[in-house]
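A quick write-up on the structure given underneath.
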Amino acid sequence: MELQTAQLVHLAGWMAQDEGNQDAAQQYYAHSFRLASEAGDAELAATALRGLTVQAIDLGFRPTAVRIAEECVDQAKNINDPRALAYYQATLANAAALDGDRRTATAALRASQTAIERATSAPGESWASHYSIGRWAHESGMILAQLGHHTSAQDHLHHALEIHGLDRRRTRAIVLADLGTVRLRQDDIDGALTSWNDFLDCADGIRSIKVQDAVHDLRARLYRLRDVPGVEELDERASALESTTRP
């Protein structure tokens with residue numbers, strides 16, 4: 001019963017975070033971690049810590065995010081599921097990259113790749129069963145971009161889009177938004193605008209705080225491109241979508 005409660009509490013935390021309710025998400029994740037630890041479920045405990053890491057990243061508490069991510073990886077050290085190990089190591093790589101710790105980020109990303117390459121095609125029943133090679137390619141691409149490896153980042157994002165199974169519209173939309181940002185950092189303005197137009201097409205009708213944030217970030221980046229042909233029309237599309245994507 002305790003383990004079932006921990007599972008339900010964790011799901012409630014994920015839903016709260018996706019709706020932008022950070023206070024509730026933090027409480028749910030922390031409670032889920034305590035219950036999972038008491039029940040002896042290392043994977044659920046690690047997953048709850050991952051949720052807290054992502055939340056700390058979103059709130060700008062980067063050193064805290066690294067500390068929690070390191071605890072997450074340590075919690076999962078005896079888990080044999082390659083997907084789970086890749087999931088948690090990528091979380092640490094992301095937190096460390098955002099905190100400017102290139103050495104830790106690079107080592108964790110390498111460990112994550114080694115693990116995901118050992119994963120079978122069958123998703124399994126673990127808490128990391130959704131963490132496909134496509135999702136790994138997306139997350140790794142953004143970590144590489146944070147480390148300044150933009151060409152490799154773009155390759156990873158293209159790989160994520162091409163992999164069969166990355167067809168959930170919300171996920172695909174976020175990848176397209178991120179691809180536009182990476183292209184912009186490479187001074188490929190035409191490529192960025194193309195990706196962002198594809199993003200808006202894909203995101204139409206989706207109600208999600210992550211999509212809402214992506215639209216907001218897109219409009220902020222478009223401001224400095226306002227004299228480029230096609231930008232005004234793209235911004236108008238983004239503005240119209242911005243009012244409909246909040247959950």
Taking the side chain as every heavy atom from C-beta outward, state whether [X] and [Y] have any pair of such atoms under 4.5 Å apart.
X: Arg183; Y: Leu193; result: no
X: Val215; Y: Phe199; result: yes
X: Arg34; Y: His31; result: yes
X: Thr181; Y: Trp196; result: yes
X: Tyr87; Y: His130; result: yes
X: Leu222; Y: Leu234; result: yes
X: Leu179; Y: Asp198; result: no

Could you tell me the separation between the [atom1] atom of [X] and the [atom2] atom of [Y], rounded to the nearest 0.5 Å?
X: Thr91; Y: Ile57; atom1: OG1; atom2: CD1; answer: 7.5 Å
X: Asp201; Y: Arg237; atom1: CG; atom2: CZ; answer: 4.5 Å
X: Glu236; Y: Arg219; atom1: CD; atom2: CZ; answer: 9.5 Å
X: Asn94; Y: Ser140; atom1: CG; atom2: OG; answer: 9.5 Å
X: His156; Y: His138; atom1: NE2; atom2: NE2; answer: 12.0 Å
X: Ser195; Y: Asp190; atom1: OG; atom2: CG; answer: 11.0 Å

Check your understanding: Sequence neighbours excluded, which residues qualify as side chain to side chain contact (heavy atoms under 4.5 Å, CB included) partners of Thr151?
Key ->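 For Thr151 the side chain to side chain contact (heavy atoms under 4.5 Å, CB included) partners, ignoring immediate neighbours, are Asp155, Gln186.
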Check your understanding: Gln22: what forms a side chain to side chain contact (heavy atoms under 4.5 Å, CB included) with it, not counting sequence neighbours?
Key ->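 With neighbours one apart ignored, the set is Gln17, Gln55, Asp58, Leu59.
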State plainly whether one hydrophobic cluster holds both [X] and [Y], where clusters connect Ile, Leu, Val, Met, Phe, Trp and Tyr through side-chain heavy atoms under 4.5 angstrom apart.
X: Phe33; Y: Leu92; result: no
X: Ile79; Y: Trp136; result: yes
X: Tyr28; Y: Trp14; result: no
X: Val182; Y: Leu176; result: yes
X: Ile174; Y: Leu184; result: yes

**Study point:** Candidate pair Tyr88 and Ser112, rule side-chain hydrogen bond (donor to acceptor under 3.5 Å, both in side chains), full reasoning
**Key:** CA-CA 8 Å; Tyr88 307 135; Ser112 179; over 6 Å; no
Mark yes or no for whether [X], through its side chain, and [Y], through its backbone, hold a donor-acceptor pair below 3.5 Å.
X: Arg172; Y: Leu161; answer: yes
X: Arg102; Y: Leu147; answer: yes
X: Arg118; Y: Pro82; answer: no
X: Arg169; Y: Asp204; answer: yes
X: Asp99; Y: Asp101; answer: no

Review point. What's the verdict on side-chain contact (heavy atoms from CB on, under 4.5 Å) for Leu144 and Leu109, showing C-alpha distance, side-chain angles and the deciding distance?
Key: CA-CA 9 Å; Leu144 288 165; Leu109 186 57; 3.9 Å; yes
Practice item. For Gln113 and Glu117, test the side chains for any donor-to-acceptor distance below 3.5 angstrom and give the result as yes or no. Key: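 There is such a pair between these side chains.
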**Study point:** Pairing of Asp74 and Lys77 as salt bridge, 4.0 angstrom limit
**Key:**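 Between Lys77 and Asp74 there is a salt bridge, with a charged N closer than 4.0 Å to a carboxylate O.
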Any idea which heavy atoms bring [X] and [Y] closest together, and the distance?
X: Leu49; Y: Ile68; value: O-CG2, 3.4 Å
X: Ser32; Y: Val9; value: N-CG1, 3.8 Å
X: Gln146; Y: Ala97; value: CG-O, 3.5 Å
X: Leu85; Y: Ala76; value: CD2-O, 3.5 Å
X: Ala214; Y: Ala177; value: CB-CB, 4.1 Å
X: Ala6; Y: Ala36; value: CB-N, 3.9 Å

Review point. Given the rule in the side-chain contact (heavy atoms from CB on, under 4.5 Å) test, do Gln7 and Leu35 qualify, once you have shown the distances and angles that lead to the verdict?
Key: CA-CA 9 Å; Gln7 294 171 342; Leu35 290 173; over 6 Å; no
Point to revise | Over 12 non-hydrogen atoms of neighbours within 6.0 angstrom of NE2 in His216 | key: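 No, because the 6.0 Å sphere around NE2 of His216 holds 12 heavy atoms or fewer from other groups.
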Exercise for review: Can you establish whether the number of heavy atoms outside Arg103 located under 6.0 Å from its atom CZ is more than 12?
Suggested key: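 No, CZ of Arg103 has 12 or fewer neighbouring heavy atoms, counting only those of other groups under 6.0 Å.
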Review point. Checking side-chain contact (heavy atoms from CB on, under 4.5 Å) for the pair Gln154/Arg185: CA distance, chi angles, key distance, verdict?
Key: CA-CA 11 Å; Gln154 188 171 167; Arg185 291 174 182 171; over 6 Å; no
Point to revise | Contacts of type side chain to side chain donor-acceptor pair (under 3.5 Å), residue Tyr131, not counting sequence neighbours | key: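 Side chain to side chain donor-acceptor pair (under 3.5 Å) list for Tyr131, sorted by chain: Glu139.
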